Protein chains: 2
Amino acid sequence: MKLNLESLVSSLQKATSPEHLQAITRTLCDILNVRHVVYHWVNSKGERFGAGTYSTEWIDRYLEKDYLRMDPVIFGCFQRFTPVIWKDLDWSSRAASAMFRDALDHGLGNQGYTIPVRGPNGQFALFTLNDQADDDEWKSFVATNARDLMIIAHEFNKKALEFEREGEGVPKPALSPRELSAMTCLAKGKSRAQAAAEMGISEHTLRVYIESARHKLGALNTTHAVARALSEGIILV
Amino acid sequence: MKLNLESLVSSLQKATSPEHLQAITRTLCDILNVRHVVYHWVNSKGERFGAGTYSTEWIDRYLEKDYLRMDPVIFGCFQRFTPVIWKDLDWSSRAASAMFRDALDHGLGNQGYTIPVRGPNGQFALFTLNDQADDDEWKSFVATNARDLMIIAHEFNKKALEFEREGEGVPKPALSPRELSAMTCLAKGKSRAQAAAEMGISEHTLRVYIESARHKLGALNTTHAVARALSEGIILV
DNA sequence: CACTGCCTCGCTATTTATGGGGGGGCTAAA
DNA sequence: TTTAGCCCCCCCATAAATAGCGAGGCAGTG
């Protein structure tokens with residue numbers, strides 16, 4: 001079957017619920033003739049959302065075994081920008097190779113291709129294809145479809161962000177310039193005294209900024225505030 | 001002139017320096033028959049890099065006037081995931097409309113289309129087209145080219161990250177599982193006592209993990225350690 | 001004009017983190 | 001087998017962060 005990008009994108013754009021996305025992953029699975037198609041993302045609050053063809057057994061096992069913490073796909077994609085072919089990752093660690101075998105036992109194919117997608121506020125998503133194939137077959141499959149898959153991944157992400165915004169209405173914490181400077185200094189490892197010196201203000205004043213930034217970010221302490229500011233992407237180290 | 005996506009992407013992939021990117025923006029400008037094409041990004045260290053056809057006068061003025069802090073394009077794209085047509089943004093504020101008039105005076109057209117692109121570690125880039133046109137003309141131009149432009153924006157970004165990585169080559173420090181848990185707890189805002197309770201160990205032991213993680217990460221204090229772990233992508237919030 | 005938000009500085013008290021130092025046991029690779 | 005790395009616990013002193021309270025000036029918005 002041939003991939004008709006236009007019709008697929010338009011059905012994605014018409015989707016009004018996560019269930020539609022789920023259905024589209026199944027359709028895509030048939031069209032591309034692969035074992036699995038999965039879209040999965042983590043929002044800025046650490047909540048997960050997934051649409052895909054993995055069995056619930058595998059998903060449960062994945063979470064239960066805490067594979068998230070050792071999955072080279074997650075690691076690799078979190079640090080890179082470009083899509084990745086699973087075989088190119090480092091599976092040498094004991095935990096990773098055990099996970100890989102476990103995945104095969106739960107119906108996954110030995111080949112995978114994952115496109116990382118990033119949204120605002122540190123939002124991070126993965127769009128994954130999985131199939132059983134040899135390395136060359138898979139490489140050429142990927143080469144053929146890479147561009148279309150990227151478009152599809154982005155349409156998935158657009159929808160996911162839409163759904164998220166509907167349900168919640170995410171108030172974006174906007175920090176003032178001085179608060180941003182303060183957070184940045186702290187993220188760079190400066191103590192309050194050093195940060196105050198660098199900003200040319202008293203330590204007392206700096207403290208006020210940190211406090212107000214903390215409140216705006218809904219953070220429990222300074223470390224938390226810096227962590228949130230970083231992962232929401234409102235400061236850079 | 002018609003846009004040949006394949007050849008453009010391949011020349012992008014062959015680029016070996018920022019100057020090549022610069023040249024490609026000029027080519028693209030001719031092909032698409034628009035006034036300006038600009039790719040601009042901020043890396044994880046806050047350093048800026050740009051390739052584009054804006055005049056140096058305008059760039060200098062932009063920085064000098066601190067337009068970065070009031071530009072609706074920057075604001076809008078930082079918070080959204082999808083490309084934006086400038087006219088759809090909110091230009092009502094005093095500062096923004098002054099900036100817009102100033103831009104027109106410096107050779108920019110009245111229409112713009114900007115694609116935000118995000119990379120790992122909060123990296124943030126913009127790919128912008130600018131031209132003189134009426135609203136409907138511009139809308140149809142954008143509709144025609146949106147998909148290709150997204151591919152191009154991503155190729156630009158891939159290159160930019162490549163250039164960045166060349167200079168560095170820093171091996172990321174590997175933390176032990178308990179150290180990772182400790183860092184993650186702290187990043188979630190837990191105090192040492194809470195984190196220790198959650199991990200089921202004494203606070204003293206937890207401290208040892210934090211210390212050793214700090215040393216491995218070359219961090220000056222706990223906050224710095226968590227910030228590094230986050231921005232290196234070795235923990236997730 | 002009044003309002004809100006930002007920037008600046010001060011005080012006190014309590015809690016918490018930091019920087020060292022020790023110790024022992026356990027597993028996995030060299 | 002030895003070594004290295006991880007995991008777990010304890011003590012001490014000092015330094016730093018936190019949580020409240022207070023104040024005034026200045027700029028931009030409606």
Side-chain angles (χ1 to χ4, degrees), chain A residues 69-70 92-98 171-227 234, chain B residues 65-67 69-70 72 75 90-99 173-227 234:
Chain A
R69 298 222 172 282
M70 59 191 80
S92 63
S93 95
R94 192 163 302 217
S97 54
K172 66 250 157 175
L175 302 191
S176 77
R178 298 299 263 177
E179 288 162 353
L180 288 175
S181 308
M183 288 292 106
T184 306
C185 281
L186 295 179
K188 282 180 182 158
K190 293 188 172 54
S191 73
R192 296 208 292 203
Q194 291 172 315
E198 177 160 317
M199 290 171 65
I201 56 176
S202 80
E203 194 182 328
H204 303 282
T205 305
L206 180 79
R207 243 172 44 192
V208 176
Y209 295 142
I210 298 173
E211 289 287 287
S212 78
R214 238 186 55 223
H215 285 120
K216 286 180 183 176
L217 292 162
L220 299 165
N221 53 47
T222 301
T223 300
H224 194 198
V226 171
I234 58 186
Chain B
K65 288 268 187 179
D66 209 19
Y67 281 154
R69 296 218 175 282
M70 57 192 82
F75 263 61
D90 174 26
W91 294 88
S92 63
S93 96
R94 196 166 304 205
S97 53
M99 193 198 99
L175 302 191
S176 79
R178 298 299 262 177
E179 287 162 353
L180 287 175
S181 307
M183 289 293 106
T184 306
C185 281
L186 294 179
K188 282 180 182 159
K190 292 187 171 56
S191 72
R192 296 207 295 201
Q194 291 172 315
E198 178 161 316
M199 291 172 64
I201 56 175
S202 79
E203 192 182 328
H204 304 283
T205 305
L206 180 79
R207 241 173 47 191
V208 177
Y209 294 141
I210 299 173
E211 288 288 287
S212 76
R214 237 188 53 227
H215 284 119
K216 286 180 183 174
L217 292 161
L220 299 166
N221 54 46
T222 302
T223 300
H224 193 198
V226 171
I234 58 186

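We name chains A, B, ... by the order of the sequence lines, and we start the count at 1 in each one. What you are looking at is a predicted structure, and each value in this text was computed from that prediction instead of being measured.
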Notebook entry, point to check: Can you give one letter per nucleotide of nucleotides 5-19 of chain C, going 5' to 3': B for a protein heavy atom under 4.0 Å from the base, S for sugar-phosphate only, - for none?
Noted result: -SSBBSBB----BBB

Next item on the list: Taking all heavy atoms of R214(B) and all of A225(B), pick out the closest pair and write down the distance.
Entry: CG-CB, 3.7 Å

Next item on the list: State, yes or no, whether a side-chain contact exists between M183(B) and I234(B) at a heavy-atom distance under 4.5 Å.
Entry: no

Next item on the list: Would you check if the side chain of E198(A) reaches a backbone N or O of A195(A) as a donor-acceptor pair within less than 3.5 Å?
Entry: no

Check: Does M199(B) reach the side chain of Y209(B), with side-chain heavy atoms less than 4.5 Å apart?
Finding: yes

Notebook entry, point to check: Is there a side chain to side chain contact (heavy atoms under 4.5 Å, CB included) between S191(B) and Q194(B) once you walk through the steps?
Noted result: CA-CA 5 Å; S191(B) 72; Q194(B) 291 172 315; 3.5 Å; yes

Next item on the list: Check whether any side-chain heavy atom of V226(A) sits under 4.5 Å from a side-chain heavy atom of V226(B), and report yes or no.
Entry: no

Next item on the list: Would you give the length of the straight line joining atom CG of L175(A) to atom OG of S212(A), rounded to the nearest 0.5 angstrom?
Entry: 7.5 Å

Next item on the list: Report the C-alpha separation of I201(A) and R178(A) in whole Å, then their side-chain angles, then the decisive distance to 0.1 Å, and conclude whether the side chain to side chain contact (heavy atoms under 4.5 Å, CB included) test is met.
Entry: CA-CA 10 Å; I201(A) 56 176; R178(A) 298 299 263 177; 3.3 Å; yes

Every protein N/O within reach of nucleotides 24-26 of chain C N/O, cut-off under 3.5 Å:
none

Checklist line | Global bending angle along the helix from dC1(C)-dG30(D) to dA30(C)-dT1(D), which compares the axes of five pairs at either end, to 10 degrees | finding: 70°

Margin query: Using modelled atom types and a 3.5 Å cut-off, is there a donor and acceptor pairing between side-chain atoms of E179(B) and backbone atoms of S176(B)?
Written below: yes

Next item on the list: Please state how far atom CG in D90(B) lies from atom P in dT29(D), giving the value in whole angstrom units.
Entry: 12 Å

Checklist line | Smallest separation among heavy atoms of N221(B) and G189(A), with atom names | finding: ND2-O, 3.1 Å

